[in-house]
Amino acid sequence: MNQAVPVVTIDGPGGSGKGTISRLLAKKLGWHWLDSGAIYRVLALAALNENISLDDADALVSLANNLDVVFQENERGEPQVLLKAVDVTTDLRTETCGDAASQVAAIPAVRKALLARQQNFRQPPGLVADGRDMGTVVFPDAPVKIFLTACLEERVKRRHKQLKEQGFEFSIDALFHEMAARDKRDAERAVAPLQAAEDAEVLDCSYLSIDEVVDKVMTLIEKKVGGTRSKAHTEF
Ligand code: C5P
C-alpha cells in the first residue's frame, strides 16, 4: 500500500449520499475514486450468475480471487463496471444485488479476499474511498475520514428516486423494510461492521444539500491535506 498517497474515506449506510458525494469530491480533486460497495455487488452478481450459494465461503473466496472485473468510465464520463468484459453497471444497482452483496460481505474470509483489491486503488495523486469500513479497516491511516448519516426515511426517499431514475420500480414500503434489514445486517456483523472510525468526522446530511456536504468535506481536506476548489451545483 502506498501510504504517501492521501486518502479521504467516506463511510455510511446506503442512501446517505456517500456515492454521489465521494464521486464529486474525486472529480473536484482530480483523484481516483473507489466504490467499494460495487466490488461486493459484483462478487454477489458473479455468484448469482454461477449458482454459487451466498453462504458458501470457500467458493466465494475462490470467486473473489479470480474476479475478472474492470472499473472504468463510459464515454459520458459515468462509472461503468465490466464483469468478464460484459457491462453489468445497471444490474449491480438492483436491490436484489445490494441485498446479496450484504450477505457475502458478512463473511470474514470474503472481506479478507477483497482487501488488497481495494487497497490497490490507492494511487497518486490521491483517492476518495466510499464504503462501510474504509476508515476503520481498509485505510485506517487516511488523513481525512468522514462518516455520513441521514435518517432512514430520508435515505429511503433518495434511494427510491435514484432507482426510479434508473428505471426500477420499487414500493417505498418494500424499500423501507429492505434498507432497514440491510442496515441491521451491516451494523451487526462480526467483522468490519458499519460504524464510524474513532477519528471520523460524523456528518448528518438528512437536511443538508449535496453542495453543503461537499463544501464541508472540502474544507476539512484543505485543512488536513491541502487542495483546490471549483464551483459545481448538484441536487440529490
Ligand atoms: O454501498 P452499497 O449499497 O453499494 O454496498 C452494498 C453492500 O456491500 C452493503 O450493504 C454492505 O453490506 C457491503 N459493503 C461492505 N463494505 C463496504 C462496502 C459495501 O460490507 N466497504
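Computed from a predicted structure; not experimentally measured. Note that ligands are numbered from 1 as they come in the structure, with each ligand's atoms numbered from 1 the same way.
- Looking only at distances, no side-chain donor or acceptor of Arg189 sits under 3.5 Å from a matching main-chain atom of Ser102.
- With hydrogens left out, the protein atom closest to atom 3 (O) of ligand 1 is Arg41 NH2, 2.9 Å, a heavy atom.
- A donor-acceptor contact under 3.5 angstrom links the side chains of Gln162 and Arg159, judged on distance only.
- Gly37 CA, 3.5 Å is the protein heavy atom nearest to atom 19 (C) of ligand 1.
- Under 4.0 Å from ligand 1, not a single heavy atom of Gln103 appears.
- Residue-to-ligand polar distances place Lys18 within reach of ligand 1: an N/O pair is separated by less than 3.5 Å.
- Where the criterion is an N or O separation shorter than 3.5 Å, residue side chain and backbone included, Ser36 meets it with respect to ligand 1.
- Not one N or O of Asp130 is nearer than 3.5 Å to an N or O of ligand 1, by distance alone.
- Taking atom 13 (C) of ligand 1 as the reference point, the nearest protein heavy-atom neighbour is Ala105 CB, 3.7 Å.
- Checked against a 3.5 angstrom limit, the closest N/O atoms of Tyr40 and ligand 1 fall outside it.
- Ion pairing between Lys157 and Glu153 fails under the 4.0 Å rule for side-chain N and carboxylate O.
- Heavy atoms of Arg189 found under 4.0 angstrom from ligand 1 belong exclusively to the side chain.
- Glu212 has no carboxylate O lying under 4.0 Å from a charged side-chain N of Lys216, or vice versa, which leaves the two without a salt bridge.
- Taking a cutoff of 4.0 Å between a charged side-chain nitrogen and a carboxylate oxygen, Arg23 and Asp35 do not qualify as a salt bridge.
- Between Gln118 and ligand 1, not a single N/O pair is under 3.5 Å apart.
- Of all protein heavy atoms, the one lying nearest to atom 1 (O) of ligand 1 is Arg132 NH1, 2.8 Å.
- Among all non-hydrogen protein atoms, the one lying nearest atom 16 (N) of ligand 1 is Arg111 NH2, 3.0 Å.
- Residue contacts with ligand 1, taken as heavy atom pairs separated by less than 4.0 Å, involve Arg182 solely via side-chain atoms from C-beta onward.
- Residue Arg185 does not touch ligand 1, judged by heavy-atom distances below 4.0 Å.
- The shortest side-chain heavy-atom distance between Trp33 and Leu25 does not fall under the 4.5 Å cut-off.
- Atom 12 (O) of ligand 1 has as its closest protein heavy atom Asp186 OD1, 2.6 Å.
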Walk me through whether Val5 and Phe121 qualify under side chain to side chain contact (heavy atoms under 4.5 Å, CB included).
CA-CA 10 Å; Val5 176; Phe121 277 76; over 6 Å; no
